[in-house]
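Contents: one structure, followed by commentary.
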Amino acid sequence: MEVSTFAFDRFKPLADDACQERITAARKALGARAVVLCHHYQRADVYKHADLTGDSLRLSKLAAQTDSQYIVFCGVHFMAEVADILSKPEQISILPDLSAGCSMADMANLSKVERAWRELKQVLDPDQHVTPVTYINSAADLKAFCGEHGGIVCTSTNARQILEWSFARREKVLFFPDQHLGRWTGYLMDIPLSEMLVWDPDEEMGGLTPQQIKMAKILLWKGHCSVHQMFQAQHILRWRQQHPGGMVISHPECNFEVCKLSDYVGSTDYIIKTVAASAPGTRWLVGTELNLVNRIAEEFKPQGKMVQFMAPTVCMCSTMQRIDPQHLAWALENLVEGRVVNQIKVPLHEARLARIALDRMLAVS
Ligand code: 13P
Ligand code: SF4
């Protein structure tokens, strides 16, 4: 099959309306050969074209189940990689804009994690004592590292089960790249904050002493989500004064204080389900990405539920936002013409090891 990436310039100036029609026509022409998967943070003008939607865990399971030849992933790079790893060899995973990355995933890379593993060897044998756990928001080579070193992948939905699995095997965890998800999950498991220490990959030995490494239960990689870091405890405190009967729900990528002040903490799927199940008239403050919050605010308005965004500033996942109608139309029309653009292909050796860590996760959750 001819591979072409040259023609996006023809789509760039297209009006959004024109794109909508072209996307609909291309999807009709492709039929069951293409499936469009969308993460909950996807912008509304793309999300409306989804065949299947979900959080990271659900999307990875859906990618493993679909029989479509083309998996068109409207999400970010690591999600399309997971789809490639879990799908059949003949299926093709496509990310309509290759620049749709995840800034948190970029906060850890293989050379830094390998260096951390080497440095840990100066204190203990990590392959005996430390389970490496990578959040699914990470590059495939980090998942492969976990596969090779007795480790596992987690999502925001299953992080607790995954940490339980990890501690049943080795007494410590190296958790990357999101310190907040790791800390919140450890806290739910009654691990004292003093035993969850931040590993700073830019410092020698993570900035820790051998004694600190020996006493730590979880080493939390110094990474975070640039979107969720915008939500602050003061936003909740101020809102609660104005709406004493209101409920607060946050994603576990928010900082510890925000999670602690929230009534509920969970994945994007969990947030949607919890608001959906609440009584008419409930007022919600939601600490996660703006596209999702705007969508559920509209969806649940007729039920008398009021859904508000936690931060006073706009906090969108600007990288996921890059999957716009122009890129989706471009990717789909190329498929109609028999050309694959923006295929995400994880090298075979890496995919095999990453799959071990992903399969461990899927077996646990
Ligand atoms: P979910 O798995 O909850 O959808 O989270 C993915 C993500 O990137 C949140 O920022
Ligand atoms: Fe990554 Fe944050 Fe965007 Fe989620 S919201 S995909 S963690 S940058």
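In each ligand, atom 1 is the first atom listed, and ligand 1 is the first ligand listed.
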- So, Phe231 versus Phe309, ring centres under 6.0 angstrom or not? yes
- Task: Would you please classify the geometry between the Phe256 ring and the Tyr187 ring as parallel, tilted or perpendicular, with 30° and 60° separating the classes?
- Result: perpendicular
- Item | Parallel, tilted or perpendicular: rings of His243 and Trp239 (30°, 60°) | tilted
Below the 3.5 angstrom mark, is there an N/O of [X], backbone or side chain, next to an N/O of ligand 1?
X: Thr268; result: yes
X: Ser156; result: yes
X: Asn137; result: yes

Hey, is [X] close enough to [Y] for a salt bridge, meaning N to O under 4.0 Å?
X: Arg355; Y: Asp84; answer: no
X: Glu90; Y: Lys88; answer: no
X: Glu171; Y: Lys217; answer: no

- Query: Does the ring of Phe11 carry Arg22 above it, NZ/CZ under 6.0 angstrom from centre and within 45° of its axis?
  - Reply: yes
- Message: I want to check a possible cation-pi pair here: Arg169 against Trp165, using under 6.0 Å from ring centre and within 45° of the ring axis as the test.
- Response: yes
- Message: Just to be sure I read this right, does ligand 2 sit under 4.0 Å from the backbone of Glu289, its side chain, both, or neither, counting only heavy atoms?
- Response: neither
Under 4.0 Å to a heavy atom of [X] - the qualifying atoms of ligand 1, by number:
X: His251; value: 1 (P), 3 (O), 5 (O), 9 (C)
X: Ser267; value: 3 (O)
X: Ser56; value: 1 (P), 2 (O), 4 (O), 5 (O), 6 (C)

- Side chains of Ser166 and Thr131: is there a donor and an acceptor less than 3.5 Å apart? no
- Task: State, yes or no, whether a side-chain contact exists between Arg33 and Ser68 at a heavy-atom distance under 4.5 Å.
- Result: no
- Message: What I'd like to find out is whether the side chain of Trp117 reaches to under 4.5 Å of the side chain of Leu174, using heavy atoms alone.
- Response: yes
- Can you find a non-hydrogen atom of His39 under 4.0 Å from ligand 1? yes
- Message: Under 4.0 Å, counting heavy atoms only: does Tyr41 come that close to any atom of ligand 1?
- Response: yes
- Does any N, O or S atom of Cys225, backbone or side chain, fall under 2.8 Å from atom 2 (Fe) of ligand 2? yes
- Message: Counting only heavy atoms closer than 4.0 Å, does ligand 1 sit against the backbone of Thr155, its side chain, both, or neither?
- Response: neither
- Task: Pick one of side chain, backbone, both or neither for how His228 approaches ligand 1, counting any non-hydrogen atom pair under 4.0 Å.
- Result: side chain
Distance to 0.1 Å, residue and atom name: give those for the protein heavy atom nearest to [atom].
atom: atom 8 (S) of ligand 2; answer: Ser103 OG, 3.5 Å
atom: atom 9 (C) of ligand 1; answer: Glu253 OE2, 3.1 Å
atom: atom 3 (Fe) of ligand 2; answer: Cys317 SG, 2.4 Å
atom: atom 1 (Fe) of ligand 2; answer: Cys102 SG, 2.3 Å

- Under 4.0 Å from one or more heavy atoms of Asn137, ligand 2 contributes atoms 1 (Fe), 4 (Fe), 7 (S)
